[in-house]
2 protein chains.
Amino acid sequence: MGRLKEFDETKAIDGAVDCFWARGYAATSVRDLAERMGIGGASLYNAYGGKRALFVTALARYADRSMRERIARLEGDGRPKEAIRAFLAEIIERSLADRDRKGCMLVNSALDVAPHDAEIGKVVAGYLDEIRAFFRRNIEAGRSAGQMPRTLDADAVSAHLLGVLTGIRVLARAKPDRALLESVARPALDLLEMPVKPRARRRRS
Amino acid sequence: MGRLKEFDETKAIDGAVDCFWARGYAATSVRDLAERMGIGGASLYNAYGGKRALFVTALARYADRSMRERIARLEGDGRPKEAIRAFLAEIIERSLADRDRKGCMLVNSALDVAPHDAEIGKVVAGYLDEIRAFFRRNIEAGRSAGQMPRTLDADAVSAHLLGVLTGIRVLARAKPDRALLESVARPALDLLEMPVKPRARRRRS
DNA sequence: GGTATTTTGTAGCATTCGATCTAAAATCAT
DNA sequence: ATGATTTTAGATCGAATGCTACAAAATACC
């Protein structure tokens, strides 16, 4: 039933992710893509439809391999507070180690694709919601387990954490400085800590 | 001493700001720029040197008219806590009212220009530092005035506020939702509030 | 082997990109 | 008026853009 595909589909999509991730949608050319994917231009259009459709596919692959993998891995331990803490810590470490400052493909897309493409915008918003849902689940789990303050509003704090996360990923591309990024994250993580009982203190004489 | 310029330099640069602000650096063409600026292509190169140099000029104009104007206006009252609160509130309002989701030109540039252009990257980082310095000054002023907790670390909290601000501006482009954005900002603003004296409470019987 | 179907490489499409060239128009100093 | 100098409009440069046409190559079914 026709000639067989000769290229490695996994490697091809991973190559597309690398291109779009590093340079963004507009700045990536179809020829750049084809070369990195190890295929010819005709095969690209035959197999993936075109640049825009390929971007959607690559974004889904990124979400699967990067975001969902991290969520599944960190949430597996059943330690909700540690999961959230480790999530932010891992983002900071990766941002500092990322020599070419690619940042997060979802955040990058939220800024320079979503506003100009309603359809892709909804996809991106959906991925961001998944991250927020991760925060929300673990806040609720932490509250139930008595590891986080009962007063914590999971809905509101998950939004705050998503915003802080996003801010970190943006600032890391302009100022990849550990002290800065950790200072951004710290107060958000402190929200999750149980309030310390104020020690009885002697009155001043 | 030569023919006089016929175009309005202020309107020209403002037009350039509009273009770069709405579409970003790469997606804006020199022809788009010339048309919006009300000049011909030759005049653009003669007066501003080229696309990249014009971008730097436009970015400086944006920083002056948007960021520094806001800082000066809000800081004038001598009410540091209110200045910070109003800053974030104003950003949220503008983001929600911004129908074409242009966001903040500085944040946009931090994400899709700074990583690929070291020189412009430093410029952008400098502008971000100005915003952080605004936060820092007002935290210190608020502490001195006894309106904010003495335990507040101005350096760290100013970084946190910058991150939260950046996150808001990015999320607003993908999900312009008031509840979301206000939830992102709230905990950061709560850091500035004086701790409430816990009321004496009757023991349960 | 023959045929239908799919993939692949090559070439090329029209368009747009940033940038430049040329020459006419406009100004000031002399 | 003349000359020097600058700005302007318009055409155009080579390169790159997303995409497609076309035919050769490779497979499965008969």
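Residue numbers begin at 1 in each chain, while the letters A, B, ... track the order of the sequences.
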Participant: Tell me, please, which residues at least two apart from Glu6(B) pass side chain to side chain contact (heavy atoms under 4.5 Å, CB included).
Facilitator: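 For Glu6(B), the residues satisfying side chain to side chain contact (heavy atoms under 4.5 Å, CB included) (neighbours in sequence not counted) are Arg3(B).
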Participant: Taking only residues at least two apart or on different chains, which pairs with a member in residues 60-82 of chain B satisfy ring pair (Phe, Tyr, Trp, His ring centres under 6.0 Å)?
Facilitator: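 The answer is Trp21(B)-Tyr62(B).
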Participant: Please collect all ring pair (Phe, Tyr, Trp, His ring centres under 6.0 Å) contacts where either partner lies in residues 159-183 of chain A, sequence neighbours excluded, each pair once.
Facilitator: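 Counting only pairs at least two positions apart or across chains, the ring pair (Phe, Tyr, Trp, His ring centres under 6.0 Å) contacts touching residues 159-183 of chain A are His160(A)-His160(B).
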Participant: Would you kindly give the CG-to-C1' distance between Leu33(A) and dA16(D), to the nearest whole Å?
Facilitator: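 The distance from CG of Leu33(A) to C1' of dA16(D) comes to 14 Å, rounded to the nearest Å.
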Participant: Arg23(B): which residues meet the side chain to side chain contact (heavy atoms under 4.5 Å, CB included) condition with it, sequence neighbours left out?
Facilitator: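 Counting only residues at least two positions away or on another chain, Arg23(B) forms a side chain to side chain contact (heavy atoms under 4.5 Å, CB included) with Cys19(B), Ala27(B), Thr28(B), Asp32(B), Arg36(B).
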Participant: Less than 4.0 angstrom from a charged side-chain N to a carboxylate O is my criterion; do Arg85(B) and Glu193(B) meet it?
Facilitator: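 Answer for the salt bridge query: no.
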Participant: Mind jotting down which residue pairs meet the ring pair (Phe, Tyr, Trp, His ring centres under 6.0 Å) criterion with at least one end in residues 174-194 of chain A? Sequence neighbours excluded, please.
Facilitator: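 Residue pairs with at least one partner in residues 174-194 of chain A: there are none.
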Participant: Could you work out, with side chain to side chain contact (heavy atoms under 4.5 Å, CB included) as the rule, every residue matching Ala63(B), not counting sequence neighbours?
Facilitator: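 By the side chain to side chain contact (heavy atoms under 4.5 Å, CB included) rule, Ala63(B) matches Met67(B), Tyr127(B).
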Participant: Please list, chain by chain and in numerical order, all residues satisfying side chain to side chain contact (heavy atoms under 4.5 Å, CB included) with Glu35(A), sequence neighbours excluded.
Facilitator: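 Glu35(A) satisfies side chain to side chain contact (heavy atoms under 4.5 Å, CB included) with no residue once adjacent residues are dropped.
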Participant: Quick one, give me the B/S/- string for nucleotides 11-17 of chain C, reading 5' to 3', where B means a protein heavy atom under 4.0 Å from the base and S means that only happens at the primed atoms, P, OP1 or OP2.
Facilitator: -B----B
Participant: Whole angstrom is fine here: how far is it from CZ in Arg52(B) over to P in dA19(C)?
Facilitator: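 After rounding, the reported distance stands at 10 Å.
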Participant: Without hydrogens or angle criteria, can the side chains of Asn108(A) and Arg169(A) be said to hold a donor-acceptor pair below 3.5 Å?
Facilitator: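 Note: Asn108(A) and Arg169(A) side chains miss the donor-acceptor criterion.
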Participant: Tell me: CE of Met37(B) to P of dT7(D), nearest whole Å?
Facilitator: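 About 14 Å, once rounded to whole Å.
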Participant: Near DNA chain C, counting only heavy atoms under 4.0 Å, which residues of residues 39-47 of chain A show up?
Facilitator: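 Going residue by residue through residues 39-47 of chain A, the ones with a heavy atom under 4.0 Å of DNA chain C turn out to be Gly40(A), Ala42(A), Ser43(A), Asn46(A).
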Participant: Measure from CG on Asp8(A) to P on dT7(C) and round the result to the nearest Å.
Facilitator: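 Between P of dT7(C) and CG of Asp8(A): 16 Å.
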Participant: Please report, rounded to the nearest Å, how far the P atom of dT17(D) is from the CD atom of Glu35(A).
Facilitator: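 Interatomic distance, CD of Glu35(A) to P of dT17(D): 11 Å.
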Participant: Tell me: CZ of Phe7(A) to C1' of dT6(C), nearest whole Å?
Facilitator: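 Nearest whole value for this atom pair: 12 Å.
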Participant: Give the table of side-chain donor-acceptor pairs shorter than 3.5 Å for residues 7-17 of chain B, with sequence neighbours excluded, one pair per line with atom names and distance.
Facilitator:
from: Asp8(B); atom 1: OD1; to: Thr10(B); atom 2: N; distance (Å): 2.9
from: Asp8(B); atom 1: OD1; to: Lys11(B); atom 2: N; distance (Å): 3.2
from: Asp14(B); atom 1: OD1; to: Arg61(B); atom 2: NE; distance (Å): 3.1

Participant: Suppose the criterion is ring pair (Phe, Tyr, Trp, His ring centres under 6.0 Å): which pairs have a residue in residues 85-124 of chain B, not counting sequence neighbours?
Facilitator: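 Qualifying pairs: Phe87(B)-Phe134(B), Phe87(B)-Phe135(B).
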Participant: Collect all protein-nucleotide pairs involving nucleotides 24-27 of chain C in which both atoms are nitrogen or oxygen and the distance is under 3.5 Å.
Facilitator:
from: dA25(C); atom 1: N3; to: Arg3(B); atom 2: NH1; distance (Å): 3.2
from: dA26(C); atom 1: O4'; to: Arg3(B); atom 2: NE; distance (Å): 3.4
from: dT27(C); atom 1: O2; to: Gly2(B); atom 2: N; distance (Å): 3.1

